[in-house]
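Below is one structure, written out as structure tokens; comments come after it.
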Amino acid sequence: MSGLRSALAGIWKEKWINLLSVLSMGVGLFILLVALFAVYNLNYFASKLQDRFSMTVYLDDGISQQGLASLETAIKASQAVGTISYISKAAALQELKKDMKDSAYLFEGLDGNPLPASIEVRFKRGSLKSEAVQGLASQIKEMQGVQDVEYGAKFLEGIERIITGARSAGVAFLAALLAGVLFVCYSTVKILFYRRKDEVETLGLLGAGGWFIRAPFLVEGALLGLAGGLLACLAAYGVFGGFFLGGFASSVPVLRYMLFPSVIFFMPVPAGLFIGFTGALIALGRIKI
Amino acid sequence: MVRFENVIKQYENQQALTGVTFQAIRGELLFFTGASGAGKSTLLKLIYRAIEPDGGSIWVNGIDTVSMRAGHVPGLRRTIGVVFQDFRLLSGRTIYDNVALALRIRGMAERALKTQVMEVLKMVGLRHKSDCWPETLSGGEQQRAVIARAIVAEPVLLLADEPTGNLDPDTAAGVMRIFKDINSRGTTVIIATHNRDLYTGTGRKVLKLADGKIETETTG
């Protein structure tokens with residue numbers, strides 16, 4: 001209670017420097033929030049692309065019902081496989097005709113059905129790894145009744161590269177921003193501490209222990225971080241409300257599909273609190289009292 | 001209560017104390033006197049370990065403060081009340097908060113300390129100034145506020161460094177009355193002063209410092 005009272009008095013006493021810190025941290029946390037939304041959406045779009053991915057297992061014409069059943073069971077046994085669906089020869093031809101209805105003449109005089117029956121394999125979200133898919137494809141290729149296996153190897157590798165790149169860049173960017181915000185709080189608390197050196201010295205001479213002296217600065221750091229976080233939230237709400245809900249998003253197609261989860265929206269508040277406290281802790285850690 | 005044995009203290013090129021030996025027993029009211037720069041403030045600072053000696057031994061409340069670990073210094077200081085020469089009142093806090101600080105440092109609950117703070121402020125005649133900021137008080141009032149802060153936690157030892165340095169004779173006499181009152185309750189009081197009027201006629205021990213040593217021991 002005494003620490004909180006001292007912290008509030010300290011914040012008021014050095015209101016201008018504290019206001020600048022809150023603004024700096026608010027801007028930093030706002031950029032952090034935007035970066036988080038970007039990373040979240042990149043991940044989301046990448047996972048959507050993964051949902052479209054499938055592997056086609058072409059079957060021998062002479063495969064028996066029993067052979068088909070055992071093949072399906074073997075494919076399903078893989079941990080990565082989500083769903084499978086059988087496409088008969090007739091269904092494959094019908095599908096092709098539907099797709100190529102403008103070139104129907106190509107099918108005139110066609111003797112029989114040259115298309116093989118197939119099994120379409122879709123994968124579970126999160127378990128789509130090119131190495132695993134490649135391994136499964138080779139495994140299936142060796143199974144009886146299988147003519148060939150096809151999947152978009154390059155497409156899959158491309159998605160993987162996008163996800164890995166986006167995650168790495170996102171993490172690096174977020175870490176740099178976090179470090180920046182942390183440094184702002186660290187510097188502020190350090191400056192405040194030195195500006196109140198006389199007070200700190202007096203407290204020490206009166207018999208105050210290290211934590212009695214440090215507590216108000218820690219509370220101050222946490223409160224500054226919290227204020228910065230709230231500011232970032234308000235700014236995000238303003239931008240989101242003004243631009244996205246206000247109709248701007250409808251004129252930029254990609255924004256229409258973007259997601260803004262509320263968990264991320266409020267993240268700057270606890271993040272600011274944590275960063276503020278940690279920054280203050282680091283700033284005071286090396287100071288001899 | 002306080003014992004110095006051959007204590008030496010040196011500042012860069014200046015010898016502040018060159019072998020001071022003395023003892024203040026429990027419940028005593030003792031004066032250190034001497035010209036400016038004689039080492040009075042240094043001696044008091046050594047007692048509450050604001051500085052460390054370059055030689056000799058110091059015992060406070062039976063504890064050897066020279067070999068004391070840094071972590072135990074706050075505990076030692078909490079047993080001592082100090083009236084600083086430069087007051088050291090915190091400008092961002094009211095007189096009430098400045099005085100209450102000494103109790104908050106000792107972990108006293110807010111409800112309990114209020115009565116104690118107001119009683120001490122009444123004792124030094126500053127009850128009506130409890131909500132004032134230090135800078136709005138006169139020199140004498142600030143001095144009394146510092147005394148209030150020093151005695152509010154009822155320390156076993158009270159140190160006062162030039163407590164009447166900037167005060168008129170009447171106010172100085174009032175301050176001295178407070179010290180005598182505190183001393184009569186059993187607190188050991190050590191006062192460093194160059195104000196002869198303060199100790200003359202008190203019948204108390206007066207140690208005169210000169211050239212970093214105790215030159216004479218008389219009775220005031």
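Order of the sequence lines sets the chain letters (A, B, ...), proteins ahead of strands, with each chain counted from 1. Every value quoted in this text rests on a predicted model; they were computed, and no experiment measured them.
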Name every donor-acceptor pair, under 3.5 Å, that has one atom in a side chain of residues 118-136 of chain B and the other anywhere in the protein, sequence neighbours excluded.
unit_1: B/S130; atom_1: OG; unit_2: B/R127; atom_2: O; d: 3.4
unit_1: B/T136; atom_1: OG1; unit_2: B/W133; atom_2: O; d: 2.7

Q) Within residues 42-50 of chain B, which positions have a heavy-atom distance to chain A below 4.5 Å? A) B/Y48, B/A50

Q. Is any residue of residues 179-195 of chain B within less than 4.5 Å of chain A by heavy atoms, and which ones?
A. none

Q: Ignoring hydrogens and angles, tell me if any N or O in the side chain of B/R149 forms a donor-acceptor pair with the backbone of B/A145 under 3.5 Å.
A: no

**Q.** Nearest heavy-atom neighbours spanning B/E28 and B/A24
**A.** OE1-CA, 3.2 Å

Q: Quick one: closest heavy-atom pair of B/E12 and B/Q10, and the distance?
A: O-NE2, 3.8 Å

Q.
Between B/M176 and B/Y199, is the side chain to side chain contact (heavy atoms under 4.5 Å, CB included) condition met? List the steps.
A. CA-CA 9 Å; B/M176 196 53 218; B/Y199 54 82; over 6 Å; no

Q. What orientation do A/F193 and A/F217 show, parallel under 30°, tilted 30 to 60°, or perpendicular over 60°?
A. tilted

Q. Parallel, tilted or perpendicular: which fits the ring planes of A/Y237 and A/F265, with parallel below 30° and perpendicular above 60°?
A. perpendicular

Distance-only donor-acceptor pairs under 3.5 Å for side chains of residues 165-177 of chain A, two or more places apart:
unit_1: A/R167; atom_1: NE; unit_2: A/N43; atom_2: OD1; d: 3.2
unit_1: A/R167; atom_1: NH2; unit_2: A/N43; atom_2: OD1; d: 3.4
unit_1: A/S168; atom_1: OG; unit_2: A/T164; atom_2: O; d: 2.8

Q.
If we define contacts as heavy-atom pairs under 4.5 Å, which of A/D198, A/L203, A/L205 has the most with chain B?
A. A/L205

**Q.** A/E199/B/R93 salt bridge by N-O under 4.0 Å criterion
**A.** yes

Q. Does atom CZ of A/F183 have more than 12 heavy-atom neighbours, drawn from other residues, nucleotides or ligands, at distances under 6.0 Å?
A. no

